[in-house]
Every structure is written in C-alpha cells, then in structure tokens.
Protein chains: 2
Amino acid sequence: MRPNKRDELVRKALDVFYRNGFHATGMDMLVVETGVSKTSMYKHFRTKEDLILAALRLRDENFRNFLYRRIEEIADTPVGRLLALYDVLAEWFSKKEFRGCMFIKASAEYQEKEHPIHVQSAEHKRLLLEHFTKIARAAGAREPETLANQLMLLKEGAIVTAVMGLGNDPAQKAKLAAEVLIAQGVG
Amino acid sequence: MRPNKRDELVRKALDVFYRNGFHATGMDMLVVETGVSKTSMYKHFRTKEDLILAALRLRDENFRNFLYRRIEEIADTPVGRLLALYDVLAEWFSKKEFRGCMFIKASAEYQEKEHPIHVQSAEHKRLLLEHFTKIARAAGAREPETLANQLMLLKEGAIVTAVMGLGNDPAQKAKLAAEVLIAQGVG
DNA sequence: GTGTATATGTACCGATCTGTACATCTTGTC
DNA sequence: GACAAGATGTACAGATCGGTACATATACAC
C-alpha cells in the first residue's frame with residue numbers, strides 16, 4: 001500500500017470519470033483500466049464516492065495550478081491577468097481531451113446541495129472566485145467581488161458553450177466582453 | 001394508446017429526470033412514479049433513450065415558451081427584452097423546484113458530441129441564441145451575433161453559478177454586466 | 001354469445017451495479 | 001528453511017439495470 005500507488009489509482013480514475021461520467025463508470029471498469037484488483041481498490045477507497053471525491057480533489061489541484069501558472073506566464077499586471085484567464089480558456093478548449101468542466105458535470109450528476117460531491121464541486125468554484133476577486137482588487141476595481149463574479153459568469157458560460165459546440169470561439173467572445181466589463185469597472 | 005396518455009408519461013418522466021438525473025433514474029422507478037406498467041411504458045417508448053429525448057423535447061418547448069412569454073410581458077423594447085432575460089432568470093432561480101438547466105445536465109451525462117441527447121441539448125441552446133440574436137439585431141446592435149453570444153454566456157454562467165449556490169444573486173450580477181455590454185454594443 | 005385485436009400486469013432474462021468473503025501469493029524476519 | 005502479516009486475485013452476493021415473454025384482461029366486431 002505505497003502512497004504513490006494510491007495516487008496513481010486516483011489519477012487514472014480521474015481520467016476515466018472525466019471521459020465517461022460518474023454514474024456511467026462502474027468500479028469494474030476502473031479495475032480493468034487501472035489493472036489493480038478489486039480488493040486492492042477497495043482497500044484504498046472505502047466506497048466509490050470516496051474515490052470520486054479523491055479524483056475531484058486531484059482535479060481541483062491540477063486545474064487551479066494549470067490555470068494560475070499559465071495566467072502568470074501570460075501577463076504580469078492585474079488587469080492583464082484578468083484577461084489572460086480567457087486566453088488560457090481558449091488553450092484548454094482547443095485541447096483534444098477537453099470535455100468540459102469536471103465540477104459542473106459532477107454537480108449535475110449529484111444534485112443535492114448537501115451531497116459531498118456537490119459541496120466539493122462548489123468549493124472549487126469558490127476558490128476560483130476568491131482568487132479572481134483578489135486580482136480584481138489589485139487591479140483597482142471599484143467593486144472587486146462584483147467584477148470577479150461577472151468574469152466568472154463569462155468563464156462558466158464559455159465552458160458550457162464550448163462543450164455544446166455553439167458559437168465561434170466562446171473564449172474570445174468572453175474575452176471581448178471581459179474587456180468591456182473591466183474597462184467599466186476599474187478606476 | 002390515447003395520445004394524451006403518452007404526453008402524461010413524458011411530463012412525469014421529465015419531472016423525475018430533472019430532479020434525479022438520467023443515469024440515476026431507472027425505468028423501474030419511472031414505472032412506479034407514473035403508475036403505468038412496464039409493458040405499456042415500452043409500448044410508448046422503444047427505449048429509455050427515446051423517453052429521454054421526448055422529455056427533452058417537452059422541456060425545450062416549455063422552457064422557451066415560459067422564457068419568451070415572460071420577457072414579452074416584462075418589456076416591449078428590444079433592449080428592454082434583452083435585459084428582461086435576467087429578470088426571468090432571477091424568477092426561475094427563486095423557484096423551489098429550480099435544479100439548474102436540464103440541457104446542461106443532459107449534455108454532461110451524455111458527452112459524446114454525436115449522441116442524440118447531446119445533439120438535442122445543443123439544439124435547445126442554438127434556438128435560444130438565434131432568438132436573442134434577432135432581438136439584438138432589432139435593438140440595433142453593431143454585431144448582433146457577438147452581443148447575443150455574450151449575453152448567452154452570462155446566462156449560462158448565471159445558471160451554473162446559481163446551481164452551485166455561489167455568489168449573491170447571479171442573475172442580478174449578470175444583468176448589470178449585460179447592461180454594460182448592451183450600452184457598449186448598441187448604437 | 002364467439003372471434004379478434006389491443007392494452008395491461010407479472011414474472012423474468014442476462015448484464016451490470018457496488019461491495020465482500022476467502023483463499024492464495026508475496027514479503028520481511030528470524 | 002519456518003512463520004506471520006499484508007497485499008492480491010477470484011468468485012460471488014444481493015440489488016438493480018434496460019428490456020422482453022407471455023398470460024390475462026378488456027374492447028369492439030358480428
């Protein structure tokens with residue numbers, strides 16, 4: 001029961017859940033995909049729900065790391081970073097493995113507001129909102145919370161629209177809208 | 001096999017799918033909820049997928065009727081109607097049965113872009129986009145498609161945010177943002 | 001009444017679901 | 001080598017999945 005074995009299971013499970021959905025992915029499938037035995041799987045994770053939660057935790061870590069890092073690489077002013085969000089979104093959308101936001105999908109399959117999976121999905125979004133609120137404040141926004149909230153609306157909308165295959169380049173349209181909102185809300 | 005019997009089944013199934021999700025709702029549960037026998041159910045709908053598609057068609061009809069009608073009741077100028085979208089959203093969010101957008105959830109559970117359920121969900125969004133593009137054009141927008149697209153991004157974002165229980169009054173924040181975008185994009 | 005066509009209820013199919021019992025294999029210690 | 005402890009594989013339990021076979025009930029012809 002080396003710890004990295006567990007991490008590897010989570011990593012692989014994350015992939016399968018992301019591609020295939022949560023209810024649609026059975027433990028049998030995960031056992032086949034990971035090559036581990038069912039007993040071992042249940043040694044590491046008491047239930048399927050535990051495994052999903054672990055996968056979501058990893059996804060949260062990976063995604064926020066990716067997003068924050070790329071934003072910092074692209075721009076070094078607060079306003080620039082608010083806008084860079086949409087450049088990174090465009091990068092993400094164009095990846096061949098892009099399948100939408102894992103947390104939107106998780107909360108869609110586990111709808112009860114008190115459900116641990118729903119709660120954890122919301123927490124991911126809350127962390128993002130917090131992060132962009134800080135940047136909006138650094139940018140000198142009159143109402144950083146409101147501006148960050150609105151930029152997040154554009155982000156979530158762009159993701160959903162990209163998944164549905166609607167509109168041309170939703171990330172770019174979101175960026176154009178963000179430019180207007182930022183110009184209006186800063187200074 | 002009266003036609004209204006079938007309609008009633010679709011109506012009830014729509015409720016259950018909306019509350020409970022698609023994979024998580026079994027045909028057995030639907031048979032119990034509707035009171036009809038399994039044989040009759042499968043006389044009306046060849047497969048579960050057919051039933052889901054019928055439910056989505058009804059949802060599309062109901063939702064767009066509700067949305068368009070309320071918008072026309074609230075405002076009678078194009079710009080007013082673009083903004084009224086967010087008032088209706090706020091109404092929807094405050095309903096106790098609000099559980100997010102059925103089409104976002106459907107496309108989250110049936111991810112393959114060619115899957116009939118995914119295709120039909122995207123079609124709903126496409127119809128909305130078309131509708132608001134027309135209104136944006138009537139409002140005198142310089143780029144009606146772009147403006148409608150952006151207003152839709154705010155709408156989808158607001159829905160997702162409301163489902164997650166994040167931010168205060170996402171519909172109102174979306175409306176404020178919409179006002180800025182419209183002011184900037186019209187005339 | 002009899003015959004026929006359709007609607008329904010029940011009981012079931014094989015597959016798959018999450019989760020477990022239990023026997024075997026591997027590993028470290030002496 | 002012997003032995004204990006933990007990891008693993010297999011086989012299965014009990015429930016539920018989507019879907020169907022089949023026997024009965026009901027309706028309308030005549």
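Quantities reported herein were computed from a predicted structural model and do not represent experimental measurements. The chains referred to below are lettered A, B, ... by the order of the sequence lines, with proteins before strands, and numbering in each begins at 1.
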Exercise. Using heavy atoms to find the nearest nucleotide of DNA chain C for A/R46 and A/M29 separately, return the residue whose nucleotide is more 5′.
Key: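 Here A/M29 is the residue nearer the 5' end.
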Practice problem: Kindly compute the distance separating OG1 (B/T34) from NZ (B/K12), expressed to the nearest 0.5 Å. | Solution: 8.5 Å
Quiz item: Taking atom CD of B/E109 and atom NZ of A/K105, what is their separation to the nearest 0.5 Å?
Solution: 11.0 Å
Please report, rounded to the nearest Å, how far the [atom2] atom of [N] is from the [atom1] atom of [X].
X: B/F17; N: D/dG18; atom1: CZ; atom2: C1'; value: 12 Å
X: A/L51; N: C/dG19; atom1: CG; atom2: C1'; value: 14 Å
X: B/L30; N: D/dG18; atom1: CG; atom2: P; value: 8 Å
X: B/F22; N: D/dT16; atom1: CZ; atom2: P; value: 22 Å
X: A/D28; N: D/dG9; atom1: CG; atom2: P; value: 14 Å
X: A/M27; N: D/dT16; atom1: CE; atom2: C1'; value: 17 Å
X: B/M41; N: C/dT10; atom1: CE; atom2: P; value: 15 Å
X: B/F45; N: C/dT8; atom1: CZ; atom2: C1'; value: 16 Å

Counting only side-chain N and O atoms of [X], is one of them less than 4.0 Å from OP1 or OP2 of [N]?
X: B/K48; N: D/dG18; answer: yes
X: A/S40; N: D/dA7; answer: no
X: A/S37; N: D/dG9; answer: yes

Quiz item: Does the pair A/R70/A/E73 count as a salt bridge with the N-to-O cut at 4.0 Å?
Solution: yes
Exercise. Go through the N and O atoms of the side chain of A/T39 and the base of D/dT10, and report whether any donor-acceptor pair is under 3.5 Å.
Key: yes
Practice problem: Report yes if a donor N or O on one partner sits less than 3.5 Å from an acceptor N or O on the other, where the partners are the side chain of A/K38 and the base of C/dG19; otherwise report no. | Solution: yes
Quiz item: Which residue lies toward the 5' end of DNA chain D, B/G26 or A/G35, if each is placed at its nearest nucleotide?
Solution: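 With B/G26 and A/G35 compared, the 5'-side residue is A/G35.
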Practice problem: Would you please indicate yes or no on a ring centroid separation below 6.0 angstrom for A/W92 and A/F66? | Solution: no
Quiz prompt | Test of ring centre spacing under 6.0 Å for B/H115 and B/Y110 | solution = yes
Exercise. Output the single nucleotide from D/dG19, D/dG9, C/dG19 whose closest atom is nearest the side chain of A/Y42.
Key: C/dG19
